K.L.:
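Have a look at the structure that comes next, please.
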Amino acid sequence: MKEQLQELLIESLSALLAEGVINELPAKVRLDHTKDKSHGDYATNVALMLAKQAKCAPKVLAEQIIAKLSNSSLISKTEIASPGFINFFLSEATNSAVVTEILNSADDYGLSNVGAGKRALLEFVSANPTGPLHVGHGRGAAYGATIANLMRAVGFEVDNEYYVNDAGRQMDILTVSIFLRYLSIFGEELRFPDNGYQGDYIQDIAKSVVAEYGERWRKGAGELFEDICKDEADGGDKEAHIDALIVRSKQVLGEGYQAVFRVGIDSILSGIKDDLAEFGVDYQQWFSEQSLIDSGLAKSTTDTLQDTDHIYEKDGALWFKTTDYGDEKDRVVVRDNGIHTYFASDIAYHLEKFDRGYDKVINIWGADHHGYIARVKASIAALNHDPEKLEILLVQFANLYRGGKKVKMSTRSGSFVTLEELRNEVGNDAARFFYVMRKSEQHMDFDLDLAKSKTNENPVFYIQYAHARICSVLRQAGEKEITVNASNADLSLLVEDGEKSLLKELSRYKGVVESSALQYEPHQLAYYLKDLAACFHSYYNACPFLVSDESLTQARLALVIASKQVLVNGLSLLGVSAPESM
RNA sequence: GCGCCCAUAGCUCAGCUGGAUAGAGCAACGGCCUUCUAAGCCGUAGGUCAUACGUUCGAAUCGUAUUGGGCGCACCA
């Protein structure tokens with residue numbers, strides 16, 4: 001009905017335009033829900049916006065706008081409030097119509113088509129497959145999955161994609177780490193490199209290698225470490241040390257190197273996939289970095305840039321002139337040792353994304369990668385695509401708190417809390433909700449104790465409890481042999497304050513979904529659901545639903561069932577369950 | 001040093017892209033269970049929206065400067 005009201009308003013403005021009272025229509029006609037019910041149901045500031053070009057006082061213009069407003073059964077009255085707002089009071093029938101609409105649309109209520117079927121590619125998480133996902137990745141996962149749900153709800157076609165960095169040096173370090181642990185299982189005496197992956201999961205993967213290959217790839221530690229430069233703890237350079245070990249391992253292992261690598265990446269990747277799936281995060285595509293190298297696209301993209309003079313050579317390395325496109329400094333794409341950088345394949349990856357013909361290309365990155373934005377956009381521009389089409393959403397880190405104290409984490413040493421551990425501790429519902437409850441660019445403190453608590457300070461339980469309470473009411477109705485006939489209820493009986501505010505709250509839902517989706521702000525929906533639940537709890541305490549007056553019972557049940565539907569729809573967009581009882 | 005993000009009640013955070021008297025939850029205080037789940041509700045108290053200028057009918061919101069915090073500035077990913 002907001003749309004209808006808006007149309008009426010535009011009609012009126014067009015009439016004024018025809019009469020020359022105003023010179024042009026505003027870009028958008030804002031119609032807002034009012035905070036204060038003495039201001040009616042909706043208010044617009046158009047008269048204030050247009051007063052200057054109409055060269056008259058806002059209040060005078062407001063009167064003219066109202067005069068041109070055609071009669072409609074929607075509106076019961078209009079008022080002008082200083083300095084020039086027009087307040088609309090809707091008729092009771094208009095307000096309660098939302099219940100009918102919700103009941104008719106059911107699970108589809110809240111869906112719209114502002115996205116008009118445009119295709120969007122949403123890349124998120126994309127953590128290096130060098131270990132299990134940790135709580136930092138969890139935020140990106142929950143955020144991305146929710147954005148995808150929201151965008152689909154408003155009519156976009158969305159593909160979720162995970163970019164798998166299965167090529168490059170990190171993979172070599174992973175392989176060597178597994179290999180060394182594998183050797184240790186057979187009692188080989190060796191010093192594990194400072195720069196290797198220390199986590200326990202590496203030991204587990206090494207055991208899998210044993211299970212699959214037995215002693216087949218066993219080599220002597222002496223052979224492996226002979227003449228290798230010193231590690232950091234021994235006064236050497238840890239980078240050089242591990243690089244030397246990588247080269248040696250490849251020599252010593254031959255085809256076994258690939259075999260060990262395979263076991264490692266398969267194990268880690270399947271762990272990540274299971275983890276995300278259990279978290280309710282689904283992907284349409286898993287895009288391999290290695291595939292860009294195998295297909296030659298990485299190479300050909302670099303060649304193209306070289307042919308178009310975007311790349312030059314310096315100090316034995318190939319540099320991409322990203323400064324031509326506003327970056328702070330030029331970036332290396334091929335190192336002096338001939339190995340391409342991560343950036344090089346990333347250029348090809350983004351080119352590939354654009355070539356797939358999406359209308360929107362969206363990346364969700366950890367905020368620590370913000371320095372990377374300029375160079376990626378530069379590469380898109382250099383390859384004759386519109387860098388504006390790439391939208392990069394940054395997600396800040398999440399700190400865990402337990403007992404009021406920050407949980408310390410460090411990735412290198414392997415002492416991090418994994419996403420799986422978090423999910424096991426607080427549950428998927430609380431994790432999903434908490435992650436998106438905060439604005440993504442805001443640092444968040446994830447309070448583990450709060451996420452587990454079962455009081456109204458925990459918003460997840462608060463909202464779910466509202467849903468469970470409604471289910472309970474409906475069960476009671478069944479026990480009392482009340483036949484619920486919501487769609488035929490006489491909604492004009494809903495006149496209590498609690499009912500009016502609940503109706504108003506319900507009518508906000510569609511707009512919240514749309515706004516959350518278009519602005520990539522799931523927290524708007526999270527807050528809305530909290531407000532809706534509050535509205536319901538308040539109503540629940542103020543009015544009994546199952547009363548002796550049968551038609552009143554039916555009307556209240558209709559309202560309550562509509563509320564339940566919106567809670568279910570909203571929670572499902574957030575990936576949170578709606579339990580029938582708690 | 002340069003760049004990006006942030007600063008709102010004692011605490012954790014919203015504030016619908018410039019609107020009307022800045023809102024929730026927690027913590028504090030006072031009430032509500034013989035009646036649909038008290039995992040709930042009602043009320044009281046709590047603010048120089050970091051600071052200072054500016055933009056205009058109107059600023060927590062936009063601009064500039066300052067202060068204070070986070071992150072980034074690799075031939076790592």
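When reading the values below, keep in mind they use all heavy atoms of this one structure, side chains included, and skip hydrogens, waters and symmetry mates. Letters A, B, ... mirror the listed sequences (proteins, then strands); counts begin at 1. Given the structure is predicted, the values throughout are model-derived calculations rather than measurements.
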K.L.:
Does B:C13 have its OP1 or OP2 closer than 4.0 Å to a side-chain nitrogen or oxygen of A:Lys439?
P.N.:
no

K.L.:
Side-chain N or O of A:Thr34 less than 4.0 angstrom from OP1 or OP2 on B:A20?
P.N.:
no

K.L.:
What do you reckon, do A:Phe85 and the base of B:A20 stack, with centroid distance below 5.5 Å and planes below 30°?
P.N.:
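Taking the rule of under 5.5 Å and under 30°, the ring of A:Phe85 does stack on B:A20.
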
K.L.:
Going through the checks in order, is the ring-ring contact (aromatic ring centres under 6.0 Å, His included) test met by A:His33 and A:Tyr42?
P.N.:
CA-CA 5 Å; A:His33 288 270; A:Tyr42 289 93; 4.7 Å; yes

K.L.:
How would nucleotides 67-74 of chain B be written as a contact map, 5' to 3', with B for base contact, S for sugar-phosphate-only contact and - for no contact, using protein heavy atoms under 4.0 Å?
P.N.:
---SBS-S

K.L.:
Before accepting this row, confirm whether a basic side-chain N of the pair A:Asp32/A:Arg30 lies closer than 4.0 Å to the acidic partner's carboxylate O.
P.N.:
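Looking at A:Arg30 together with A:Asp32, the answer is yes, because their closest N to O distance falls below 4.0 Å.
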
K.L.:
Do the ring centers of A:Tyr162 and A:Phe287 come within less than 6.0 Å of each other?
P.N.:
no

K.L.:
To the side chain of A:Ala81, which of B:A14, B:A20, B:C75 is closest?
P.N.:
B:A20

K.L.:
Are A:Phe434 and A:Phe446 an aromatic pair, judged by ring center distance below 6.0 Å?
P.N.:
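Yes, ring centres under 6.0 Å apart.
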
K.L.:
Apply the side chain to side chain contact (heavy atoms under 4.5 Å, CB included) test between A:Val164 and each candidate in A:Asn128, A:Leu269, A:Ile272; give the one that qualifies.
P.N.:
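Exactly one option meets the side chain to side chain contact (heavy atoms under 4.5 Å, CB included) with A:Val164, and it is A:Leu269.
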
K.L.:
Pair A:Tyr509, A:Tyr528 - check ring-ring contact (aromatic ring centres under 6.0 Å, His included), show working.
P.N.:
CA-CA 8 Å; A:Tyr509 177 70; A:Tyr528 168 80; 5.8 Å; yes

K.L.:
Is the phosphate of B:C41, meaning OP1 or OP2, less than 4.0 Å from a side-chain N or O of A:Tyr462?
P.N.:
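Yes, because at least one side-chain N or O of A:Tyr462 sits under 4.0 Å from OP1 or OP2 of B:C41.
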
K.L.:
Taking both distances under 3.5 Å as the test for a Watson-Crick or G-U pair, what stems of at least three pairs does RNA chain B have?
P.N.:
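The stems that RNA chain B takes part in, listed by first number, are B:1-5 with B:69-73, B:10-13 with B:23-26, B:28-32 with B:40-44, B:50-54 with B:62-66.
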
K.L.:
Is the Lys NZ or Arg CZ of A:Arg375 less than 6.0 Å from the centre of A:Phe320's six-membered ring, within 45° of the axis?
P.N.:
no

